[in-house]
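What follows is a short report on a single structure.
Side chains included, hydrogens not; waters and symmetry mates left out as well; all remaining heavy atoms used. Since this is a predicted model, take the numbers as computed values, not measurements.
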2 protein chains.
Amino acid sequence: MAGIKDVAAHAGVSVATVSRVLNDSPRVTAETREKVRDAMRALRYRPNGVARSLRTEATRTLGLIIGDILNPFFAAMARAVEDEARAAGYTVVIGNADERPEQQDHYVRTLLEQRVDGLLICPTAETTPLVEDCVRSGSPLVFLDRTLPGLDVPAVRADGTEAIHDLVRHIHRLGHRRVAFISGPELLSTGRERTRAFLDAMRECDLDIRDEYLETGDFQAASGRAIAARFLDLPHPPEVIFTGDNLMALGALDEIRARGLRIPDDVALASFDDVAWFVHLDPPITAITQPAEELGRHAVRVLLERVERRPVESVVLPARLVIRRSCGETEST
Amino acid sequence: MAGIKDVAAHAGVSVATVSRVLNDSPRVTAETREKVRDAMRALRYRPNGVARSLRTEATRTLGLIIGDILNPFFAAMARAVEDEARAAGYTVVIGNADERPEQQDHYVRTLLEQRVDGLLICPTAETTPLVEDCVRSGSPLVFLDRTLPGLDVPAVRADGTEAIHDLVRHIHRLGHRRVAFISGPELLSTGRERTRAFLDAMRECDLDIRDEYLETGDFQAASGRAIAARFLDLPHPPEVIFTGDNLMALGALDEIRARGLRIPDDVALASFDDVAWFVHLDPPITAITQPAEELGRHAVRVLLERVERRPVESVVLPARLVIRRSCGETEST
DNA sequence: GTCGATCATGTAAACGTTTCCATACACTCC
DNA sequence: GGAGTGTATGGAAACGTTTACATGATCGAC
């Protein structure tokens, strides 16, 4: 494949000059510029990004490690990250951790070796030595959606606390008393935060928190289904099932439908995370919606600031309750 | 950041030796190997993939350009591609063309400059000069899901013809006669293929093909909704609406629900492309399912063969009809 | 006890850029 | 007309690896 040398020879100039027109340096006559451009076209020249990166120590590439690309929430975030990055002239490499810490580490290692200019991580489970290394070595790093305690890394995330309080109040107002929660993993900040908010909100509404109504899933559909099954098998099954993410809601829905139960009469359902099709279900599912696109865009902006070594601050955006009919009909609205 | 030289100095060996242990060459004593490994750990050495790629002319990276990452079909495919590639020791860079030819070209250019070892493209619209260049220059290229006519490029795709015939027969058997189709763009091979199969199947069943029942969408939800609205406004609205992909089905569903119409009594619905939540709708949506994961995996295998300069053949996998209840109750089953 | 063979290790070139520094030429100004 | 200024261009080093080739040591066979 033709290189800068061939172009230089073909145009009758030095490689330095070719490099200059490549980088739009003003120190080139319009005339030579044209000569060089012609040579490039003639030779079908394509700049070698690898060589350029080696020399400039920059790849104009960002790494994004997400929990699960099949989760519409992450997909939406990834899409926004990609859009914002492209607008800033960066490419993004997406790594799918599949919620597995080893796989997350695999990607951290790979992307670091690939010398991405910055890294966006939605941490899966706890801090790993590799991530710590990353922080210590000062590679630009930003946490997205989830955070890791004790690490001085800026984070861009949504806060669902207020929305969860709204939801529990909504449920309470509709007359439900026995509310069960399928939480996310303790190891994830989002899992912890949502559980904590749920517990607080329950207390605030003077609702009983029963141990058998509280189980921990793994943010995947299968666990949502299994836990919903256990809830429904209880001597006193809950009146409401609230799930910690949309995938577990899907799983719970599977189980409810499989038993031929009606929503909300037999059991009500609500989900943290909203997805496009919740509105088409009968009844439409009440959910808490997170600003996925905004999170993605902010994350890129913050990361690029870090890449430029400017000081940055974490960003917290509110999640919001969307009341539909899966917990019961609201009085009037 | 520490380089191979620093490691060599620290371990008291030459850079060649360090490189050898890096590449697991057998020509190194266990003793020196250990010395070198120790030095690496001590210096927190991370191989520089950029330099390595420059030297070896290989990046162990694959490019994947898809139509729309928010489309669950593409997301599933992307996920499979990524899994298969990782298993083979490759990273994949996903480019989201958003169904826009310029953006597709942007990614082709960027990925080519980044010197990916191979490129997987789901072509958006027609052949562009850049893609032609790509073919001519012999960079390993495989089309995924969609093909481009007149180009000698291996393709991995699903064939929906048989499934569409099955669907039309199913619809016919249920007594429907007025069937409308929201097709995909003429410019996409999948759009053309599905329209053609639909027309053939209609003829086979002796069903009338009316012009006003045939409109072309762009595989996005909004166009599905707009076209469904026009169908429903017709003096003789169709009894069945069949959409060319899942996003347009979602749009049509929006419109049907907004008008308070019942499925299938007022209008039946079927979709090319199946998604997880169709089964939870009331009634569940009859759809044609494509083997997205298999397509992705095959595509990587074929591409890697091409990367190794071995001859390859196109792969065609069948799509399959999944009958649910959105076109009416089946007799017995 | 010497001659090859085998093997671990080292030296240095190459990969395709960018960029510092030098050079040569064209002006301007007095 | 010569010194000084400015500017377009070129030469060559450097980025961090891999690898062909060279080198010296060890060892077995005669």
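Thr29(A) comes within contact range of the sugar-phosphate backbone alone, with a heavy-atom separation under 4.0 Å but no base atom that close.
A 4.5 Å side-chain heavy-atom check between Glu293(A) and Arg79(A) finds every atom pair outside the cut-off. The shortest distance between side-chain heavy atoms of Phe143(B) and Cys122(B) does not fall below 4.5 Å. Counting only heavy atoms from C-beta outward, the side chains of Leu119(A) and Leu112(A) approach each other to under 4.5 Å.
Checking dT19(C), dG10(D), dT9(C) against the side-chain heavy atoms of Ser14(A) singles out dG10(D) as nearest. The listed nucleotides are dG11(D), dC7(C), dT18(C); the one nearest the side chain of Arg27(B) is dC7(C).
Applying the 4.0 Å criterion to OP1 and OP2 of dG10(D), one finds that Thr17(A) has a side-chain N or O inside that range.
Mapping Arg115(B) and Pro26(B) onto DNA chain C by nearest heavy atom places Pro26(B) at the nucleotide closer to the 5' end. With the nearest nucleotide of DNA chain C identified for both Val18(A) and Ala16(B), Ala16(B) has the one nearer the 5' end.
In summary, of the residues considered (His298(B), Arg301(B), Arg297(B)), a side chain to side chain donor-acceptor pair (under 3.5 Å) with Glu84(B) occurs for Arg301(B) alone.
Note: CE (Met1(A)) to P (dG16(C)) measures 11 Å, nearest angstrom. Rounded to an integer number of Å, the gap from Asn23(A) CG to dT17(C) C1' is 9 Å. Separating the CZ atom of Arg60(B) from the C1' atom of dT17(D) is a distance of 16 Å, rounded to the nearest angstrom. Following rounding to the nearest Å, Ile4(A) (CD1) and dA12(D) (C1') show an atom-to-atom distance of 14 Å. We find that CD of Gln114(A) is positioned 17 Å from P of dG16(D), with the value rounded to whole Å. Distance, Lys5(B) NZ to dT18(D) C1': 14 Å, rounded to whole Å.
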Is there a salt bridge (charged side-chain N to carboxylate O under 4.0 Å, His left out) between Asp133(A) and Arg46(B)? Walk through the geometry before answering. CA-CA 11 Å; Asp133(A) 247 40; Arg46(B) 273 200 207 303; 3.3 Å; yes
Kindly indicate, with the supporting measurements, whether the criterion side chain to side chain contact (heavy atoms under 4.5 Å, CB included) is fulfilled by Leu151(B) and Leu141(B). CA-CA 11 Å; Leu151(B) 252 33; Leu141(B) 185 62; over 6 Å; no
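Scanning for side-chain contact (heavy atoms from CB on, under 4.5 Å) contacts around Val15(B) gives Ile4(B), Lys5(B), Ala8(B), with sequence neighbours left out.
Taking all atoms of both residues into account, the shortest heavy-atom contact from Ala125(A) to Pro101(A) is CB-CG, 3.8 Å.
For a distance-only test at 3.5 Å, the side chain of Arg20(A) qualifies as a donor-acceptor partner of the base of dG10(D).
Between its two ends, the helix from dG1(C)-dC30(D) to dC30(C)-dG1(D) turns its axis by 50°, counting five pairs per end and rounding to 10 degrees.
Contacts with DNA chain D (heavy atom under 4.0 Å) in residues 30-56 of chain A: Thr32(A), Leu54(A), Arg55(A), listed by number.
Looking at Asp98(B), its side chain never comes within 3.5 Å of a backbone N or O of Arg100(B) through a donor-acceptor pair.
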